[in-house]
Every structure is written in C-alpha cells, then in structure tokens.
Amino acid sequence: MTEKQNAPPDFVNPVEEEFARLLDYYGIEWQYEPHTFPLRRNDAGATLEAFSPDFFLPQQNLYVELTTLRPQLNSRKNRKIRLMKELYPEVNVKLLKRREVRNLLLKYGLDDAAQGILGTEAQTSEP
C-alpha cells in the first residue's frame, strides 16, 4: 500500500464531488484516494495492477468506492474489489453501485447530481 501526497482533490467524477459535499455536510472526515493498493506484481516486484478506492473515512476505518457504471460493465471493478479483499483482508472496503449512489443522492435532496446515473444517460465506461 502506498500513500498519495496531500493535494486538493481533483475529482474524476461529479458524483464523487457531491459525495464529498454530503460527507462534509454531516461532518464526516474523509480523504480522497489517499492509498493505492497493489493487486498484481511481476516477478521483479513491479506493480502491474493497483486499486485506489475513491474515499477513505478514517473515523469509520472504511474505504468507499463509488461507481456509476451500468451493472454489466462493473465486472472489472468488482474483480478489483474482490482481489483487494483477498490480498488485504484487514482493509474494510465498500462498493456503492450506481443504484445505491443514486438513491443516496436522492435521499439527501441532491436530485440534480442523481440525474443521469440510471437509464440511458448512465456512464458506459470509467472516466
């Protein structure tokens, strides 16, 4: 596991920014992509594949990964989460799938941010 430098968040997806605002509103401490977990290495030890969950919530000791991908396109992300849990069983990680992300945003009145997460407007690939 490597730690990234403390820089202002440069969110990859607008949903991540809305999620961060929601955490801020409720006073939940968070870090954006603070750690990268190697998942696969070559024989020389160089990292071939890694995973950086979107958020770390230190008080809950929980990593949160958000996805707005259509379910049939989630296999790569699901595989990385599964592999991470195998390699780092002590690390708590939660994947919030697009319906869960949408429902969370709607629950807290972030209707504009929730638009486009489901249906034909949903993301069809990773940003």
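Expressed to the nearest 0.5 Å, how far CH2 of Trp30 lies from CD of Gln60 amounts to 14.0 Å. Going from atom CG of Asn42 over to atom CD of Glu49 covers 13.0 Å, rounded to the nearest 0.5 Å. We find the CG-OH distance between Asp54 and Tyr32 to be 5.5 Å, quoted to the nearest 0.5 Å. Residue Met84 holds its CE atom at 6.5 Å from OH of Tyr63, rounded to the nearest 0.5 Å. Interatomic distance, CG of Leu87 versus CZ of Arg82, reported as 12.0 Å (0.5 Å rounding).
For the pair Leu66/Asn13, no side-chain contact is recorded, criterion being any heavy-atom separation below 4.5 Å from C-beta on.
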task = Apply side-chain contact (heavy atoms from CB on, under 4.5 Å) to the pair Glu100 and Lys94, showing each step before the final yes or no.
result = CA-CA 11 Å; Glu100 296 166 319; Lys94 171 72 176 158; 4.2 Å; yes

task = Check the pair Glu18, Arg21 against salt bridge (Lys or Arg N to Asp or Glu O under 4.0 Å), reporting the backbone distance first and the verdict last.
result = CA-CA 5 Å; Glu18 291 300 327; Arg21 285 185 196 157; 2.9 Å; yes

ask   = Would Val64 and Phe19 count as a side-chain contact (heavy atoms from CB on, under 4.5 Å) if you check the C-alpha gap in whole Å, the side-chain angles of each, and the deciding distance to 0.1 Å?
value = CA-CA 10 Å; Val64 178; Phe19 187 74; 4.1 Å; yes

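The minimum heavy-atom distance between Ile81 and Val93, with the atom names listed, is CD1-CG2, 3.9 Å. Looking at every heavy atom in both residues, Pro38 comes nearest to Tyr88 through O-OH, 2.8 Å. In plain terms, the two heavy atoms of Glu16 and Phe55 that are nearest each other are O-CZ, 3.3 Å. Counting all heavy atoms, side chain and backbone alike, Leu48 lies closest to Arg41 at CD1-C, 3.7 Å. Scanning all heavy atoms of the two residues, the minimum distance from Pro53 to His35 falls at CD-O, 3.8 Å.
Between the side chain of Lys97 and the backbone N or O of Thr67, no donor-acceptor pair lies under 3.5 Å.
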